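Take a look at the structure set out below.
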Amino acid sequence: MITTRFAPSPTGYLHIGGLRTALYSYLWARKNSGRFLLRIEDTDLKRNSKEAAQAIEDAFKWVGLSHDDEIVYQSQRFDLYKKYVQKLLDEDKAYYCYMSKDELDELRAQQQARKERPRYDGRYRDYKGEIPNDVKPVVRIKAPQSGTISFVDGIKGEVSFQAEDILDDFIIARADGTPTYNFVVAIDDALMGMTDVIRGDDHLSNTPKQIVVYKALGFEIPKFYHVPMILNPNGKKLSKRDGAMDVMEYQKMGYLPEALLNFLIRLGWSHGDQEIFSFQEMLSLFDPSNINKSASAYNGEKLLWLNAHYIKNASYERLTKELKHFDLDIEDHDKQEILVDALRDRAKTLVEFADMAKAILDTPESYDEKAVKKFIKEDSFEILLKYIAFIKVSEKPLRLPSDFEQITKEFMAKYNLKMKNLAQPLRISLVGSAVSPSVYDVLSILGVDEIVARIETFIHKQKD
RNA sequence: GGCCCGUUCGUCUAGCGGUUAGGACUCCGGCCUCUCACGCCGGCAACAGGGGUUCGAGUCCCCUACGGGUCACCA
């Protein structure tokens, strides 16, 4: 069985880079009927934040990812880690190091001055001398001092390191007794039964250290997949300004979660030429082995395009429900579907959608001056007045856009008018702007009484 | 700086030794049209550079350049 996990440190909100690796892990587990676990890496008590863990859960909920089992908090497993520290101590695979922080800093400074790689010199590795009693010791693991550490990464292929290039006896427990990251990650991944670790590229160089821990503890090493970073549009590190903000900000900006997910899965992964993936398709088609090797740049325009696509194809119920988050309630509007259909092809976000809907539903407070100047001619008022008189006495019920199209054509035929004589003046008087959905749709949505009222108001205000 | 990873249109990518190097976003034309969008049709645009290997290289190997990651008692 495949088991994957998402293991963020709770230092802030969940951003799209994290969401993407979470998505990949989720998909791979679910696709294989496996398990997807969530673990909060809060070993550093100084940098803990409960809100952050909650924020991750909220974001998961919004996009529809679910995890199995209870969330694992590393801060609650210190006793467990201590046992493993002790085990290594007992087996002489780890040892106490009494070097003070100052001494260590000094050593590092010297090494750097000599242009050497900063590393612990192993002075307490097999120390038999006097133990300084004024220093609380850290625990260091005995890492191999030579040889090759290699593994086959599911994305990068074979990766190998020389022990002497990268390793030293790194700290597994701090002076205050708390364990460190590379130690607990390996333990938890092993204990939680991880078969496939899918995580950010930035962990690639941690992997050999973790392998040292796996081996020392006799754990089975999982398969690793190191997914490349997401860069900003200029190819630099992604910042908030570029889109690395809280995933929940995307909700506020009017994005549908399926658009975000579709965007993210396609950033660094592909299935031939396919661009649109339903959740079901993601599940059936995703495979980490065709994740790209190289970093990809964030492209907000493509996200927008995808969002527009999902808005176009969303159900009435769905859009009506989502729109409520944007101060627009059309639940009980009798022309709900006509309104939605009139706008769904034009809105790239739900924010735009709501704004455009309000522009139709709300009586215009003003009229675009340029539009008035350009389209309202000498005879426009007269035409508009004739128009409302004409529709008021209609014998047929006027309800659908097609009803209005028909009667409008009859009207134009009777007075020998062209659409361009009528459409823009009508539009301006109804919504205050030269831009809107089809006038037939607008007419239908408003209904005869409102049409009459708005036209009269318009003429009245313009004549002042 | 050491180590590791990477490099196909501006961007996301397809390609897994033989292709007029394909698709998508953006942009630019055109069509549709009551405006704006949508949609449809068309267009611009790429194998980082240099050496090999091979009958043949975007695809395999090496070097260079450039980019990124990492070198903590952070995760």
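Only this structure's heavy atoms are used, side chains among them; waters, hydrogens and symmetry mates stay out. If you're wondering where the values come from, they're calculated on a predicted model, not measured in any experiment.
- The shortest distance between the side-chain N/O atoms of A:Asn292 and the OP1/OP2 oxygens of B:A14 is below 4.0 Å.
- Listed candidates were B:C5, B:G6, B:U11. Nearest to the side chain of A:Asn299 is B:U11.
- B:G6 and B:G39: their P atoms are spaced 38 Å apart (whole Å).
- Nucleic acid contact class of A:Val439 (heavy atoms, under 4.0 Å, all strands): base.
- Nucleotides B:G29 and B:C38 are separated by 14 Å at their P atoms, to the nearest Å.
- A heavy atom lying under 4.0 Å from RNA chain B marks the following residues of residues 305-312 of chain A, by number: A:Trp305, A:Lys312.
- Within 6.0 Å of atom OH in A:Tyr96, 12 or fewer heavy atoms from other residues, nucleotides or ligands are found, so the atom counts as exposed in its surroundings.
- If you measure from atom CZ of A:Phe224 to atom C1' of B:C4, you get 15 Å, rounded to the nearest angstrom.
- Between A:Gln210 atom CD and B:U70 atom C1' the separation is 13 Å, expressed in whole Å.
- Residues A:Lys420 and A:Phe375 have side chains not in contact (no heavy-atom distance under 4.5 Å, counting atoms from C-beta outward).
- In this pair, A:His271 and A:Trp269 present their aromatic rings parallel. The plane angle is below 30°, not in the 30 to 60° band.
- Contacts of A:Met99 with the nucleic acid, taken as non-hydrogen atoms under 4.0 Å apart, include base atoms.
- Of the two residues near RNA chain B, A:Glu158 and A:Thr180, the one whose nearest nucleotide lies more 5' is A:Glu158.
- Residue A:Ser270 is classed as a sugar-phosphate contact, given heavy-atom separations below 4.0 Å to backbone atoms only.
- OP1 or OP2 of B:A75 lies within a sub-4.0 Å distance of a side-chain N or O belonging to A:Thr43.
- If you check B:C25, B:U70, B:C73 against the side chain of A:Ile171, the one that comes closest is B:C73.
- In this model, a side-chain donor or acceptor of A:Asn206 finds a partner on the base of B:A75 within 3.5 Å.
- When heavy atoms are screened at a 4.0 angstrom cut-off, A:Ser433 is found touching no nucleic acid atom at all.
- For A:Arg344 and B:G39, the shortest distance from a side-chain N or O to OP1 or OP2 is not below 4.0 Å.
- Here the side chain of A:Asp273 is nearest to one of B:G68, B:G22, B:A24, namely B:G22.
- In this structure, B:A24 forms a base pair with B:U11, meeting either the Watson-Crick or the G-U wobble geometry with both donor-acceptor distances under 3.5 Å.
- Distance from the side chain of A:Glu275 is smallest for B:C12 among the nucleotides B:C12, B:C5, B:A75.
- Listed pair A:Arg266 / B:U13 fails the phosphate criterion, with no side-chain N or O lying under 4.0 Å from OP1 or OP2.
- Classification of the A:Tyr298-A:Tyr250 ring pair by plane angle, with boundaries at 30° and 60°, yields tilted.
- The separation of B:C55 from B:G50, taken at their P atoms, amounts to 22 Å, rounded to a whole angstrom.
- Relative to the six-membered ring of A:Tyr120, A:Arg140 meets both conditions, a distance below 6.0 Å and an angle of at most 45° to the axis.
- Between A:Pro364 and A:Ser429, the shortest heavy-atom contact is CG-O, 4.2 Å.
- Evaluation of atom-type donor-acceptor distances gives no pair under 3.5 Å for the side chain of A:Asp165 against the base of B:G2.
- Here B:G18 sits opposite B:C55 as a Watson-Crick or G-U wobble pair (both hydrogen-bonding atom distances under 3.5 Å).
- A:Arg346 has its CZ atom 13 Å from the P atom of B:C34, to the nearest Å.
- Atom name P, nucleotides B:C25 and B:G49: the rounded distance is 28 Å, in whole Å.
- The side chain of A:Phe161 approaches B:C3 more closely than any other nucleotide in the set B:C73, B:C3, B:C34.
- Considering only side-chain atoms of A:Met229, the nucleotide from B:G68, B:A75, B:G23 that sits closest is B:G68.
- To the nearest whole angstrom, the two C1' atoms, one in B:U70 and one in B:G23, are 36 Å apart.
- If you take CD of A:Gln274 and C1' of B:C12, they are 15 Å apart, rounded to a whole angstrom.
- Look at the P atom in both B:U11 and B:A48: the space between them is 12 Å, to the nearest Å.
- Within 4.0 Å of A:Gly200, counting heavy atoms only, lies no atom of the nucleic acid at all.
- As rounded to whole Å, 16 Å separates atom C1' of B:U11 from atom NZ of A:Lys236.
- Ring geometry for A:His15 versus A:Tyr13: interplanar angle over 60°, hence perpendicular rather than tilted (30 to 60°).
- The neighbour count for A:Lys358 NZ, taken as heavy atoms of other residues, nucleotides or ligands under 6.0 Å away, is above 12.
- A salt bridge between A:Lys409 and A:Glu405 is present, with a side-chain N of the basic residue lying under 4.0 Å from a carboxylate O of the acidic one.
- With salt bridges taken as basic N to acidic carboxylate O contacts below 4.0 Å, one links A:Arg39 and A:Asp189.
- Of the nucleotides present, B:C66 is the one that pairs with B:G6 by Watson-Crick or G-U wobble criteria, both distances under 3.5 Å.
- At a threshold of 4.0 angstrom between heavy atoms, the contacts of A:Arg119 with the nucleic acid are absent.
- The pairing partner recorded for B:C31 is B:G39, the criterion being a Watson-Crick or G-U wobble arrangement whose two distances lie under 3.5 angstrom.
- Distances shown here put every side-chain N or O of A:Thr408 at or beyond 4.0 Å from the OP1 or OP2 atom of B:C34.
- Of the two residues near RNA chain B, A:Lys115 and A:Ile155, the one whose nearest nucleotide lies more 5' is A:Lys115.
- You'll find the side chain of A:Phe60 reaches within 4.5 Å of the side chain of A:Phe6, heavy atoms only.
- The separation between A:Asp169 atom CG and B:C71 atom C1' is 16 Å, rounded to whole Å.
- Under 3.5 Å, the side chain of A:Ser205 and the base of B:C4 form no donor-acceptor pair of N or O atoms.
- For A:Tyr440, taking side-chain heavy atoms from C-beta onward, the closest of the listed nucleotides B:C34, B:U35, B:A75 is B:C34.
- For B:G1, the base has no donor-acceptor partner in the side chain of A:Glu116 [N/O atoms by modelled type, under 3.5 angstrom].
- The side chain of A:Asp345 lies closest to B:A37 when the candidates are B:C25, B:A72, B:A37.
- Taking the C1' atoms as reference points, B:U59 lies 13 Å from B:U54, given to the whole Å.
- The distance between atom CD of A:Glu352 and atom P of B:C38, rounded to the nearest whole Å, is 11 Å.
- If you check distances only, the side chain of A:Arg427 does reach the base of B:C34 with a donor-acceptor pair under 3.5 Å.
- In this structure, of B:C73, B:C5, B:C12, it is B:C5 that holds the atom nearest to the side chain of A:Lys156.
- Closest contact between the side chain of A:Asp202 and the listed nucleotides B:G69, B:C34, B:U13 involves B:G69.
- Atom CZ of A:Phe375 and atom P of B:U35 are 9 Å apart (whole Å).
- B:C4 sits 46 Å from B:G43 when the P atoms are compared, rounded to a whole Å.
- Of the residues A:Leu267, A:Leu238, A:Asp246, the one that meets the side chain to side chain contact (heavy atoms under 4.5 Å, CB included) test with A:Ile16 is A:Leu238.
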